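Computed from a prediction, not measured in an experiment: that's the story for all the values here.
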Amino acid sequence: MTAPIRIVSSMATRQVLSELVDAFKARSSHEVQLESVGGVEAARRVRAGEPFDAVVLATEVIDQLAAEGRVVSGSRVDLVRSGVSMAVRSGDPRPDIGSEDAVRRAVLAATSVGYSTGPSGDHVASLFERWGIAEAIRSRTVQAPPGVPVGTLVAQGKVGLGFQQLAELIHVEGIDVLGPLPPAIQVVTTFSAGVIATSTQRDAVGTLLAFMASPAAASTKRRHGMEAA
């Protein structure tokens, strides 16, 4: 029996990849195993030489792994584009987030503010610095541990205002998604796949990634709050 194709990804793409893997398995004889962890942890495990066949992370990280020889050069396949949204606990007041200044006011008024360890979190932290409020709100900011969705902290009342990619918020019960960041401060992360250099199933992985990047996968991506890359 052929060994399963093993994929490791960040949590940001867990839901959409899970559905795409199921769709691929329904039309293929290949078995696929998906493991989703924090993005930093996923990259660490690839660098440690764990026997994965493919990795899905932010494009910049895939390029770094390729430069290090961990991912096959030229194997990168761009899959989805994902923007950042904001959320509050269900039933809590919904602040205005229609402009950059409105978001800044909402952050200053929030009892606590949460963001992730991933690309969206880095962007939010840089906004706080640019606005000159990072120090003022430091005691009220919560960075979710790797692999922990910010939305769950919002739902539990541990965070009053949460920032994370829409794909990671829309499936969390107990929160209200306020909407995306306004265009002036929005950041869109592209998530890409790469073939692990040690994979012995490169042809099969290529077939899987081609399916994930095909027009047939577009509706699944939209359903999970993402756009096809």
Side-chain angles (χ1 to χ4, degrees), residues 1-82 116-121 144-149 152 164-165 167-168 171 189-221 223-229:
M1 178 180 290
T2 304
I5 298 171
R6 293 190 63 203
I7 307 173
V8 64
S9 80
S10 63
M11 293 297 290
T13 53
R14 178 175 61 91
Q15 296 277 4
V16 67
L17 290 181
S18 179
E19 187 169 333
L20 291 176
V21 162
D22 287 345
F24 177 77
K25 290 194 295 185
R27 63 183 70 192
S28 167
S29 60
H30 294 290
E31 179 61 31
V32 183
Q33 294 177 353
L34 171 67
E35 185 173 357
S36 298
V37 295
V40 173
E41 175 68 4
R44 184 198 68 77
R45 291 173 63 180
V46 170
R47 290 184 170 110
E50 288 198 35
F52 296 110
D53 296 291
V55 56
V56 180
L57 290 169
T59 299
E60 294 79 6
V61 183
I62 296 297
D63 288 346
Q64 290 170 7
L65 292 171
E68 296 166 13
R70 298 293 183 181
V71 163
V72 176
S73 179
S75 71
R76 193 189 91 195
V77 177
D78 298 339
L79 297 178
V80 292
R81 299 173 74 248
S82 179
S116 76
T117 55
S120 64
V148 176
T152 62
Q164 198 161 29
Q165 289 169 30
E168 296 183 81
H171 298 293
T189 301
T190 300
F191 289 93
S192 304
V195 180
I196 301 296
T198 55
S199 174
T200 60
Q201 304 188 77
R202 294 188 185 184
D203 289 345
V205 175
T207 300
L208 169 61
L209 299 187
F211 167 72
M212 288 183 168
S214 71
S219 61
T220 298
K221 296 170 183 178
R223 189 162 54 252
H224 289 282
M226 296 180 166
E227 299 176 0

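- Taking all atoms of both residues into account, the shortest heavy-atom contact from Thr117 to Pro146 is OG1-CA, 3.9 Å.
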Quiz item: Do Phe191 and Val80 pass the side-chain contact (heavy atoms from CB on, under 4.5 Å) test, and can you show the C-alpha distance, the side-chain angles, and the key distance before you say yes or no?
Solution: CA-CA 5 Å; Phe191 289 93; Val80 292; 3.8 Å; yes
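- Using a 30° and 60° split on the angle between ring planes, His224 and His171 fall in the tilted class, from 30° to 60°.
- Contacts classified as salt bridge (Lys or Arg N to Asp or Glu O under 4.0 Å) and involving residues 208-218 (residues at least two apart or in different chains) are not found.
- Considering every non-hydrogen atom in both Leu34 and Arg14, the closest pair reads CD2-O, 4.0 Å.
- How far CD of Gln164 is from OG of Ser120: 5.5 Å, rounded to the nearest 0.5 Å.
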I'd like a table of donor-acceptor pairs (distance under 3.5 Å, sequence neighbours excluded) in which one partner is a side-chain atom from residues 201-214, with atom names and distances.
residue: Gln201; atom: NE2; partner: Ala3; partner atom: O; Å: 3.2
residue: Gln201; atom: NE2; partner: Pro4; partner atom: O; Å: 3.2
residue: Arg202; atom: NH2; partner: Ala197; partner atom: O; Å: 2.7
residue: Thr207; atom: OG1; partner: Asp203; partner atom: O; Å: 3.1
residue: Ser214; atom: OG; partner: Phe211; partner atom: O; Å: 2.7
residue: Ser214; atom: OG; partner: Ala216; partner atom: N; Å: 3.4

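- Formation of a donor-acceptor pair under 3.5 Å by the Ser75 side chain with backbone atoms of Val195 is found in this model.
- Under the rule for a side chain to side chain donor-acceptor pair (under 3.5 Å), the partners of Asp63 that lie at least two apart in sequence or sit in another chain are Arg76.
- For Arg81, the salt bridge (Lys or Arg N to Asp or Glu O under 4.0 Å) partners are Glu227, not counting sequence neighbours.
- The shortest side-chain heavy-atom distance between Ile62 and Ser192 falls under the 4.5 Å cut-off.
- Here the shortest heavy-atom pairing between Ile7 and Phe52 reads C-CD2, 4.2 Å.
- For the pair Glu31 and Lys25, the tightest heavy-atom approach, listed with the atom from each and the gap, is OE2-NZ, 3.6 Å.
- Contact annotation: the side chain of Arg6 never approaches that of Ile196 to less than 4.5 Å [non-hydrogen atoms, C-beta and beyond].
- Note: Arg27 CZ to Asp22 CG = 12.0 Å, rounded to the nearest 0.5 Å.
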Exercise. Test side-chain contact (heavy atoms from CB on, under 4.5 Å) on Leu57 and Leu65 and set out the steps.
Key: CA-CA 10 Å; Leu57 290 169; Leu65 292 171; 4.3 Å; yes
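- Rounded to the nearest 0.5 angstrom, Glu60 CD and Thr190 OG1 are separated by 7.5 Å.
- Taking both residues in full, the closest heavy atoms of Ala42 and Val37 are given as N-CG2, 3.6 Å, listed atom of the first, atom of the second, then distance.
- The nearest pair of heavy atoms linking Gln165 to Thr189 is NE2-OG1, 3.9 Å.
- Remark: Gln64 pairs with no residue by the side chain to side chain donor-acceptor pair (under 3.5 Å) rule, at least two apart or across chains.
- Applying the side-chain hydrogen bond (donor to acceptor under 3.5 Å, both in side chains) test to pairs two or more places apart or on separate chains, those with a residue in residues 36-46 are Ser9-Ser36, Glu35-Arg45, Glu41-Arg44, Arg45-Glu50.
- At least one side-chain heavy atom of Val56 sits under 4.5 Å from a side-chain heavy atom of Leu79.
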